[in-house]
Enquirer: 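Below you'll find the structure I mean.
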Amino acid sequence: MTPFPFLTGPLTRAGAGLVPLGTPGPSLPLAALMAPGGVEAILAPLLRRQPGQDRRALLSLWSRHYFYTLIPPVVLTLLLAHRSLPLAPQGGAVMLTEQGMPAAIALPDAGREAPPPADAFARFAPLVQEHLAPLIAHWAAEARLAPRVLWANAASYFAWIVREAATAEGAPPGSAAPCRAVIEATHWPDGSANPLHEPMRLLEGPEGRQHWRKVCCLLYRLPERQECPYCPLLLRGGDRKSCGGAG
């Protein structure tokens, strides 16, 4: 798959996560993922290969691949290329691998060059409020999964690409500051809770001080998987009962 031509220079760090709509290959319209049965459309190919898996954990896994595909190129584009992107889910699609996992996000067009908003929250509102919020709300409701699990997955990749952007070759000094402002804020300007707020926290653990996720991603519930090395369950002695995904 060929990414948009603006994904060059420091933006190549995000890979081919954004491609034009109509790129050949298996895909699902994002609007279908927000329609009734959207979660079933996501999980069906995975459950055909391995039936009986925990559906909420499987959705969490799929979402991690989705957010890893979407968030890094979008954040780097907003930070470094100063483009507005058409991020409303109704106009895009997700390209899929043969296994049914996200491979790229197809956008209806390349957007346009635009001066960066002075306000950090305005810069990322199209990503967070127009794209992530409706998708996460729908997936969580259909899967009966706590939205905080999916938001924690998204926030982790947002925070990760911020660290990457701060050291990207060719990136202007201080270019990651708007992202840091969003991560550090507990609320959005309208008073609503900020779901991207500090997804990791620095705490003492069994092997010393390190960063830990605030919310477990539930992947330990899938076959042949254990807790991640930064899973909050490990801080509680592996008490899996304390990490429910419903809500």
Side-chain angles (χ1 to χ4, degrees), residues 1 3-4 6-7 14-46 55-56 58-79 81 83-97 100-112 114 117 121-158 161 182 188 190 192-196:
M1 285 180 282
F4 282 109
F6 60 78
L7 291 172
L18 302 180
V19 299
L21 196 65
T23 295
S27 66
L28 279 172
L30 295 184
L33 302 186
M34 296 179 60
V39 169
E40 182 61 32
I42 288 171
L43 299 185
L46 311 182
R55 297 172 66 87
R56 291 182 299 176
L58 206 56
L59 176 60
S60 178
L61 174 65
W62 196 92
S63 80
R64 287 184 61 161
H65 283 257
Y66 183 88
F67 299 142
Y68 177 76
T69 302
L70 167 78
I71 291 174
V74 168
V75 168
L76 290 181
T77 298
L78 296 175
L79 279 178
R83 301 186 71 86
S84 63
L85 295 173
L87 294 175
Q90 292 81 357
V94 55
M95 309 297 298
L96 300 172
T97 67
M101 301 300 285
I105 308 302
L107 300 181
D109 58 71
R112 57 183 177 82
F121 292 93
R123 186 189 300 243
F124 295 107
L127 170 64
V128 178
Q129 298 183 330
E130 295 177 20
H131 191 105
L132 295 177
L135 283 174
I136 288 175
H138 183 77
W139 295 345
E142 278 210 339
R144 297 184 179 179
L145 174 65
R148 66 179 181 274
V149 174
L150 300 176
W151 274 114
N153 290 345
S156 294
Y157 288 119
F158 189 90
I161 198 58
V182 171
W188 281 71
D190 64 3
S192 61
N194 176 18
L196 300 182

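This one's a predicted model, so the numbers in the text were calculated from it and none came from an experiment. Atom set for the values below is all heavy atoms of this structure, side chains included, hydrogens, waters and symmetry mates excluded.
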Enquirer: Calculate, to the nearest 0.5 Å, the distance between atoms CD1 and OH belonging to I71 and Y157 respectively.
Expert: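 These two atoms lie 9.0 Å from each other.
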Enquirer: Looking at L96 and A103, what are the two nearest heavy atoms and their distance?
Expert: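 Closest approach of L96 to A103: C-CB, 4.1 Å.
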Enquirer: Using modelled atom types and a 3.5 Å cut-off, is there a donor and acceptor pairing between side-chain atoms of S192 and backbone atoms of W188?
Expert: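 No; zero donor-acceptor contacts below 3.5 Å.
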Enquirer: Given 3.5 Å as the limit, does a donor-acceptor pair link the side chain of T97 with the main chain of M101, or not?
Expert: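 Checking the backbone N and O of M101 against the side chain of T97, a donor-acceptor pair under 3.5 Å is found.
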Enquirer: With no hydrogens and no angle check, is any side-chain donor or acceptor of H138 less than 3.5 Å from a backbone partner on A35?
Expert: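 Side chain of H138 to backbone of A35, a donor-acceptor pair under 3.5 Å: yes, one is there.
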Enquirer: Using only atom types and a distance under 3.5 Å, with no angle test, would you say the side chain of S156 pairs donor to acceptor with the backbone of A152?
Expert: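 Yes; at least one donor-acceptor contact below 3.5 Å.
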Enquirer: Go through the steps to decide whether L107 and F4 satisfy the test side-chain contact (heavy atoms from CB on, under 4.5 Å), and finish with yes or no.
Expert: CA-CA 9 Å; L107 300 181; F4 282 109; 4.0 Å; yes
Enquirer: Measuring from L28:CG to L33:CG, what's the distance to the nearest 0.5 Å?
Expert: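 Result: 5.5 Å between the selected atoms.
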Enquirer: Go through the steps for L85 and F6 under the test side-chain contact (heavy atoms from CB on, under 4.5 Å), then give the verdict.
Expert: CA-CA 11 Å; L85 295 173; F6 60 78; 3.8 Å; yes
Enquirer: Measuring from H65:NE2 to S60:OG, what's the distance to the nearest 0.5 Å?
Expert: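 Rounded to the nearest 0.5 Å, the NE2-OG separation comes to 10.0 Å.
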Enquirer: Where is the tightest heavy-atom contact between F67 and A154, given as atom of each residue plus distance?
Expert: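 Heavy-atom minimum between the residues: CD1-N, 3.4 Å.
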Enquirer: Q129 and P134: which non-hydrogen atoms are nearest, and at how many Å?
Expert: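 Scanning both residues, the minimum pair turns out to be O-CD, 3.4 Å.
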Enquirer: At their closest point, which heavy atom of A140 faces which heavy atom of L150, and how far apart are they?
Expert: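 That closest heavy-atom pairing would be N-CD1, 4.0 Å.
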Enquirer: Looking only at non-hydrogen atoms, find the nearest pair between G25 and M95 and report the distance.
Expert: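 Closest approach of G25 to M95: O-CE, 3.8 Å.
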Enquirer: For residues S63 and N153, report the shortest heavy-atom separation together with the two atoms involved.
Expert: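 Shortest heavy-atom separation between S63 and N153 comes out as OG-ND2, 3.0 Å.
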Enquirer: Look at the side chain of E130 and the backbone N and O of A125, then say whether any donor-acceptor pair between them is shorter than 3.5 Å.
Expert: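 Not at all, since once roles are kept as given, no pair shorter than 3.5 Å links the two residues.
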Enquirer: How many angstroms lie between atom CZ of R55 and atom CZ of R144, to the nearest 0.5 angstrom?
Expert: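 One gets 11.0 Å once the value is rounded to the nearest 0.5 Å.
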Enquirer: Start with the C-alpha distance between V75 and F124, add both sets of side-chain angles, then the distance that settles side-chain contact (heavy atoms from CB on, under 4.5 Å), and finish with yes or no.
Expert: CA-CA 8 Å; V75 168; F124 295 107; 4.3 Å; yes
Enquirer: State the OG1-CG distance between T77 and L7, to the nearest 0.5 angstrom.
Expert: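 It comes to 5.0 Å.
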Enquirer: Between Y66 and H131, how do the two ring planes meet: parallel, tilted or perpendicular, split at 30° and 60°?
Expert: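 Answer is parallel, since the angle falls under 30°.
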Enquirer: Under the side-chain contact (heavy atoms from CB on, under 4.5 Å) criterion, do L70 and L127 qualify, and how do the steps go?
Expert: CA-CA 9 Å; L70 167 78; L127 170 64; 4.0 Å; yes
Enquirer: Got a donor-acceptor contact below 3.5 angstrom from the W139 side chain to the L145 backbone?
Expert: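 No; zero donor-acceptor contacts below 3.5 Å.
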Enquirer: Just by distance, do the side chain of W151 and the backbone of L132 share a donor-acceptor pair under 3.5 Å?
Expert: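 Absent.
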Enquirer: If you count every heavy atom of other residues, nucleotides or ligands that lies below 6.0 Å from Y68 atom OH, does the total exceed 12?
Expert: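 At most 12 heavy atoms, drawn from other residues, nucleotides or ligands, come within 6.0 Å of this atom.
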